[in-house]
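Everything below concerns the one structure shown next.
Atoms considered below: every heavy atom in the structure, side chains included; atoms not considered: hydrogens, waters and symmetry mates. Naming: A, B, ... by sequence-line order, numbering from 1 per chain. In this text, all values refer to a predicted model and were calculated from it rather than measured experimentally.
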Amino acid sequence: MEAEAEEDDQVLPDLPNADEYDQIRMRLAPNPNGPWHLGSARMPAVIGTYKKIYDGWMCCRFDDTDPETKRPDLDAYDEIIDAIGYLGFEPDEVLKASDRVETYYDHARELIEQGGAYTCSCPAEHFRGLKADAEPCDHRDKDVETVREEFEAMVDGEYSDGEMVLRVKTDIEHKNPALRDFVAFRMVDTPHPREEAADYRAWPMLDFQSGIDDHLTGVTHIIRGIDLQDSAKRQRFVYDYFGWEYPEVVHWGHVQIDAYDVAMSTSTIKAKVDSGELTGWDDPRAPTLASVKRRGIRGHAIVDAMVDLGVSTSNVDLAMSSIYANNRDLVDDDTDRRFLVRDGVASDATDRERLPAGAAEAFDLASDVPDAGHPPLHPNHEDRGDRDVPASEAVLLESEDVPADGERIWLKGLGCLRREGDGLAWVGTDIDLVREEGVPVVHWVGAGDDEHVRVRLRTMDGDVVGYAEPGYADYDADDLVQFERVGFARFDAAPGTDAAEADPGEYLAFYAHP
RNA sequence: GCUCCGGUGGUGUAGUCCGGCCAAUCAUAUUGCCCUCUCACGGCAAUGACCAGGGUUCAAAUCCCUGCCGGAGCACCA
C-alpha cells in the first residue's frame, strides 16, 4: 500500500479557523421524513471526510420536530444510518431531537426570563404583514409573568394549532426581514409518530432547536446548505441572549444530478413510489442511494464525487458519469468478466440509446469446432484462471454482431469462424486474424439449454433480457461482473429467490454503467 | 418589494483573500490514435472557460463600480 494515497489529495479546503479548536466537532442533521436521495449524500460525504481529515467528531442528529408537514417516517431513522454506513461513515453519536424536547423547553424558559421571547397569538397572516412593515405586534411588550404562564400553557397543550406561538425577540426593524422576530415554538395537534414523543404538542422550530443542540453538543463547525444561510443569523440572536459563541459555518449550494427524469426531492420520489410510477425507492430510475446501491455502485464512488464538488455556495450539476468513472476505478480490477448475449427488451423500455438491446440469433457450429471456449476471468490477471463457456451444437450471437454470409468473426475465447448460411465453419485460432486482418471479436454463449442461463438485466431505461454463460450462476447477491462489451452489473437474485421481480428461471441483475 | 449569496471549458474544480510565475490547474466528458481475443483497464493527443462593460494599474480571472444572469431567505417546513 502506498499509504499516502488516502491521506490524501487534500481535496476539501481547510475549515475556517480549524486550528483554534482542540477537536473539530460536526453534525449531520437530517430530517427522517424518508429515505435519502443522492443529494442527501453530500452531507455525510463532506462532513465525514472532514472528520477523517481532522480526526474530528461527528454526530447524526435527527431534526424530527415537525410531526405534521415533514412528518417523520419511522423506518427512515435506520435507513439513514444504513445509508451513512453505505457511504463508509459512522456517526460517533446518534441523537433524536424528539427525545430532547424538555431541554428545548428549559432553554425557552430561560430565554423568557431574560425577556428574549414572547408569546404571540397573532394569526400568521397578520404578523406577516406587520413584519413586512417592521412593526411590532401588541404582544411584544407583554410582561415576563404573562409570557411565562402562556408558554407553560403551550407546553401543557392548552392551545391548538395556530393559536399561540413563542417568538424570539430579535430586532423588529432589522433591515433584513428574514431576521425579524422569528417563531421558536408552535402548537402541533398531530401527535409525533414516535411513541416516546407522542404527547408533546408544543414543538420547537428548527432555528431554535438546532441552535440549542449545536451549542449543547459542542459543535464547532456547521456545514449545511444555502437554504439555511439566514438561519445562522437568526440563531445568533438566541446565542447572544445566552452568551454563547456561534460555531463556524460553511454553506454550500444545491446539487442537481443529470441522467434522471425524476426530481431529486424526497416528497416527489415518495409520491411516485406510492402511486406505483416507481417500483420502489430502489427503482433504477429513482435518484436515490438505495437505487445506486442496488445497481452495484460503491458508496465511495459517490463520496468522491461529492467531495470533488467542494463547498462553494453556487449551485452545481453533478454528472452521473463522474460517479461511474469513480466506480469503475474502484471495481474494474476486481470484477470478473462474463458474456451476456442480449435478446431484446422485456418491458416498456423507452430510451434505448443508452443501452441497445440487440436480439439473439442462433448459428449451428461445424463439427470440427471445439466444444467450449475459455476466455480469462480478467484480461489483466491471467492468474485468476479461465472461464468455461460450452457450445456443443450451436451458439447465440447478438444481432448486431452477426457477420454477413461468408465473413469471418472471432468468438472471444474460442477462435475464428466463418459464416456459411445458418452455420459457422471453423477457421482456427491464429490470433493474427484479429490483430492483422481485423476480424471482429464478439461475445457469445452456447445455444443449448444447459449452455447458458437466462438473465434479466434491469436498467434505468427498462429491462433487457438475455443469455449469460453458465458460470454466471455461481455468483451471489451483491457480486459484480462486467458483461463484456455491455457493462458492469450487480448480481441481484437467482431464480426463485425473488420471484416477484423476474420471470421464472431468470437471474435478476442490475446494470451499473458501461 | 426587502435582504443575503454567487457567476472560470459540456460538467465539477484550482487560482481570486496577498494583482504579475495564468496565452489559466486537475478530473470528467467528447473525438482520434496506440495497446488489447471487450466498446473495460492502461497510454498518447486533440477539443474546450475567466458573464458583460467601464475604472484603477506598467500589469487584472484576481481590486473598484455598474449592468446582466442565476440561487437563497423574508413559513406557526426542515
With distance as the sole test, does Thr146(A) use its side chain to make a donor-acceptor pair with the main-chain N or O of Lys142(A) at under 3.5 Å?
-> no
Are the side chain of Arg234(A) and the backbone of Ala178(A) linked by a donor-acceptor contact shorter than 3.5 Å?
-> yes
Given the side-chain rings of Phe62(A) and Tyr77(A), with only the six-membered ring counted for Trp, is the space between their centroids under 6.0 Å?
-> yes
How about Phe483(A) and Tyr511(A): are their ring centres within less than 6.0 Å of each other?
-> no
Starting at atom [atom1] of [X], determine the distance to atom [atom2] of [N], rounded to an integer number of angstrom.
X: Glu484(A); N: rU36(B); atom1: CD; atom2: C1'; result: 11 Å
X: Lys233(A); N: rA72(B); atom1: NZ; atom2: C1'; result: 10 Å
X: Met320(A); N: rG12(B); atom1: CE; atom2: C1'; result: 15 Å
X: Tyr324(A); N: rU11(B); atom1: OH; atom2: P; result: 19 Å
X: Phe339(A); N: rC39(B); atom1: CZ; atom2: P; result: 12 Å
X: His254(A); N: rG6(B); atom1: NE2; atom2: P; result: 15 Å
X: Gln256(A); N: rG6(B); atom1: CD; atom2: P; result: 20 Å
X: Lys412(A); N: rC37(B); atom1: NZ; atom2: C1'; result: 6 Å

With heavy atoms under 4.0 Å as the rule, sort [X] into base, sugar-phosphate or nothing.
X: Phe182(A); result: nothing
X: His378(A); result: nothing
X: Arg435(A); result: sugar-phosphate
X: Gly253(A); result: nothing
X: Lys175(A); result: sugar-phosphate

Do [X] and [Y] have side chains that get closer than 4.5 Å, going by heavy atoms?
X: Phe182(A); Y: Met205(A); answer: no
X: Ile431(A); Y: Trp410(A); answer: yes
X: Asp401(A); Y: Arg485(A); answer: yes
X: Gln235(A); Y: Tyr246(A); answer: yes

Under 4.0 Å protein heavy-atom contact, by nucleotide of nucleotides 73-78 of chain B - B base, S sugar-phosphate only = BBSBBB
Can you check the distance between [N] and [M], where both ends of the measurement are the [atom1] atom (answer in whole Å)?
N: rU57(B); M: rC50(B); atom1: P; answer: 26 Å
N: rU31(B); M: rU36(B); atom1: P; answer: 22 Å
N: rC26(B); M: rC77(B); atom1: C1'; answer: 40 Å
N: rU11(B); M: rG19(B); atom1: C1'; answer: 29 Å
N: rC17(B); M: rC63(B); atom1: C1'; answer: 11 Å
N: rA40(B); M: rC35(B); atom1: P; answer: 15 Å
N: rG6(B); M: rC51(B); atom1: C1'; answer: 12 Å
N: rU8(B); M: rC69(B); atom1: C1'; answer: 16 Å

Counting just side-chain N and O atoms, does Arg328(A) come under 4.0 Å of either OP1 or OP2 of rA29(B)?
-> yes
Please tell me which of the listed nucleotides, [options], lies nearest to the side chain of [X]?
X: Leu309(A); options: rG12(B), rU38(B), rG42(B); value: rG12(B)
X: Ile431(A); options: rA40(B), rC37(B), rU28(B); value: rC37(B)
X: Val316(A); options: rC37(B), rG12(B), rC41(B); value: rG12(B)
X: Ala325(A); options: rU28(B), rG42(B), rC37(B); value: rU28(B)

Residue closer to the 5' end of RNA chain B, Ala319(A) versus Arg337(A) (nearest nucleotide) = Ala319(A)
Which dot-bracket notation, 5' to 3', represents the base pairing of RNA chain B when pairs are defined as Watson-Crick or G-U with both distances under 3.5 Å, crossing pairs as [ ], and inter-strand pairs as |?
-> (((((((..(((.......[.....)))((((((.......))))))...(((((..]....))))))))))))....
Output every pair passing side-chain hydrogen bond (donor to acceptor under 3.5 Å, both in side chains) with a member in residues 182-192 of chain A, not counting sequence neighbours, ordered by first then second residue.
-> Glu68(A)-Thr190(A)
Under 3.5 Å, is there an N or O donor on one side and an acceptor on the other linking the side chain of Arg485(A) and the base of rA40(B)?
-> no
Atom of Leu216(A), atom of Thr103(A) and distance for their closest heavy-atom approach = CD2-CG2, 3.5 Å
Please say whether the positively charged group of Arg109(A), taken as NZ for Lys or CZ for Arg, lies over the ring of Tyr104(A), i.e. under 6.0 angstrom from the six-membered ring centre and within 45 degrees of the axis.
-> no
